[in-house]
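Below, chain A is the first sequence line, B the second, and so on; all start at residue 1.
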Protein chains: 2
Amino acid sequence: MSTTRGARERARAEVTAAIKDEARRQLAAEGAAKLSLRAVARELGMVSSALYRYFPSRDDLLTALIVDAYDAVGAAAETALARQPAHAPQPARWTAVCRAVRTWALAHPHEYALIYGSPVPGYTAPMATVGPASRVGRALVSVARDAHRGNGLAVPPLPAALSDEARRITEDVAPDLPPPVVAALVAAWSQLFGLVSFELFGQFNRVVEEREAFFDHAATTLAHAVGLIDGRPAGPAPGGDST
Amino acid sequence: MSTTRGARERARAEVTAAIKDEARRQLAAEGAAKLSLRAVARELGMVSSALYRYFPSRDDLLTALIVDAYDAVGAAAETALARQPAHAPQPARWTAVCRAVRTWALAHPHEYALIYGSPVPGYTAPMATVGPASRVGRALVSVARDAHRGNGLAVPPLPAALSDEARRITEDVAPDLPPPVVAALVAAWSQLFGLVSFELFGQFNRVVEEREAFFDHAATTLAHAVGLIDGRPAGPAPGGDST
DNA sequence: CCAAGGCAAGAGCAGTGCTCTCGTTATTGG
DNA sequence: CCAATAACGAGAGCACTGCTCTTGCCTTGG
């Protein structure tokens, strides 16, 4: 069934994948700014104009790479979380996600820069990116959700100016969590990428040397900021004090 | 001395400034990727090759803009801090610096992206940028230093894996502060830019709407994370607990 | 006053994104 | 089964880019 009309479509899918692969290669090698349609075509043995049959413009090719990158870092976060034992302490589950993001970023710096660095030229993210872009955030939310089901989460209350906004965000992303926790989650989410970006973009040069230890500590602090506490992950008694 | 031989040098300085101004205009209008030497020269009524008498390459022009941008955001942070009344509560002084950074970033998004977004092509920051790049960090440190002189700063102890590193960083940036505070400062420094970058680069689209209120709250939380506490700024009694 | 050097101008090279046209080739409807 | 149709690759070409080199002008220092 797919072979009948597939002969052509399969070839098209293969060429499309080959273009993306070569583009990703150039992206990893030289960065997004030096990604050249002509060079991709040249490397693939075709002429540049032929490439426009597959991607209407350079920006569309970049968008495809962006979506893939969001998916890749999201998948890395999710599998890191899935690999955590079910009874692992909540801060450990949290930092596992954080470390997965950092590890992926260090392994794919240019792809990371593509999605979490400056948006390219006059580029505004198409709708196709919003789903994949939220995977890391959802992984972080799910850690908090599990902890909330377990022994509860305690974060300071919100200022009045934020209560409506926090309620609104809560309904969108995690209706089963208390709004103060969701607000802390969103902040921690962005701050996690602040840590990774500063390391990757060189702001830590000549400042932080032991990057991994520093990151682990900061990620653990973020875990505490969203209310995750050390101790039993699913203890039904939330009155435990670990000071 | 600069006035004597200034006739020619002054003209050179003026042209250099005009080039940078026009380049900054194009940067603000279209972003770093579309900044074109030829367009700058065209707008200034000169031919592109003449511009190379002033900047040896496009990257050098960009570097000049980067240094200026670091200086601009650093100056914004410093004046915001200087405008704070001497007896303002420490968290207020902290958030004043944070808000100044955010305000500057919102007013100069492309310049912000230039320094805190993805580093351009294969670009590695020249030494000339390290001084200006640390001005915001130094402003944050000085808030902590004042608070430390006042009523002390209380942050959780560091894990053993970080104690040496934290001591080293402390000697470099703030020998008069306790290492755990310095570690928290560096983390908060990067996390502050995580917040700003996520807002500016669109990650908060369809998530956070009340950006200013959210940012203020997150910045205040960061202030607490580095040990700044509400209350009198210079009270000699550090025994206050605000849990 | 005159040589020397900084300077603008222009041509030119190699590269880019993108468009258009032109045969060819594969798919599909009659 | 064959013809109409759509997809496709190739090539030329346009407007643009960063950058280099050469050629003269013109201010400046001796």
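OP1 or OP2 of C:dA8 sits under 4.0 Å from a side-chain N or O of B:Tyr54. A:Ser36 has a side-chain polar atom (N or O) that falls below the 4.0 Å cut-off from OP1 or OP2 of C:dT16. For A:Arg58, a side-chain nitrogen or oxygen approaches OP1 or OP2 of C:dG17 to under 4.0 Å. Not one side-chain nitrogen or oxygen of B:Arg53 sits closer than 4.0 Å to the OP1 or OP2 atom of C:dG5.
Comparing A:Val15 and B:Arg42 against DNA chain D, the residue whose closest nucleotide sits nearer the 5' end is A:Val15.
Closest to the side chain of B:Tyr52, out of D:dG18, C:dG17, D:dA12, is D:dG18. In this structure, the nucleotide among D:dC19, D:dC21, D:dA10 sitting nearest to the side chain of A:Ser49 is D:dA10.
B:Ser57 comes within 4.0 angstrom of the backbone, heavy atoms only, and of no base. Nucleic acid contact for A:Leu61: none, since no nucleic acid atom lies under 4.0 Å from a heavy atom of the residue.
Using a cut-off of 4.0 Å between Lys/Arg side-chain N and Asp/Glu carboxylate O, A:Arg206 and B:Asp172 are scored as not salt-bridged. Between A:Glu78 and A:Arg138 no salt bridge is recorded (no basic side-chain N to carboxylate O distance below 4.0 Å).
Taking atom CG on A:Leu51 and atom P on C:dG17, their separation rounds to 10 Å, with Å as the unit. Taking atom CG on A:Leu44 and atom P on D:dA10, their separation rounds to 11 Å, with Å as the unit. Per the geometry, CD belonging to B:Glu30 stands 11 Å off P belonging to D:dT17, to the nearest Å. What separates NZ of A:Lys34 from P of D:dG18 is a distance of 13 Å, to the nearest Å. Rounded to whole angstrom, the span from the CG atom of A:Leu37 across to the P atom of D:dT17 amounts to 18 Å. Note: CG (B:Leu35) to P (D:dC19) measures 12 Å, nearest angstrom. Per the geometry, CD belonging to A:Glu9 stands 21 Å off P belonging to C:dT25, to the nearest Å. Distance CG (A:Leu62) to C1' (C:dC18): 15 Å, rounded to an integer number of Å.
Using the six-membered ring where Trp is involved, B:Tyr116 and B:Tyr112 have ring planes that are tilted, between 30° and 60° apart.
Scanning atom types as modelled, no donor and acceptor separated by under 3.5 angstrom connect the side chain of A:Arg38 and the base of C:dG15. A donor-acceptor contact under 3.5 Å is not formed by the side chain of B:Arg12 with the base of C:dG6.
Among residues two or more places apart in sequence or in another chain, the ring-ring contact (aromatic ring centres under 6.0 Å, His included) test is passed with A:Phe214 by A:Phe204.
Within 6.0 Å of CZ in B:Arg99 there are 12 or fewer heavy atoms belonging to other residues, nucleotides or ligands.
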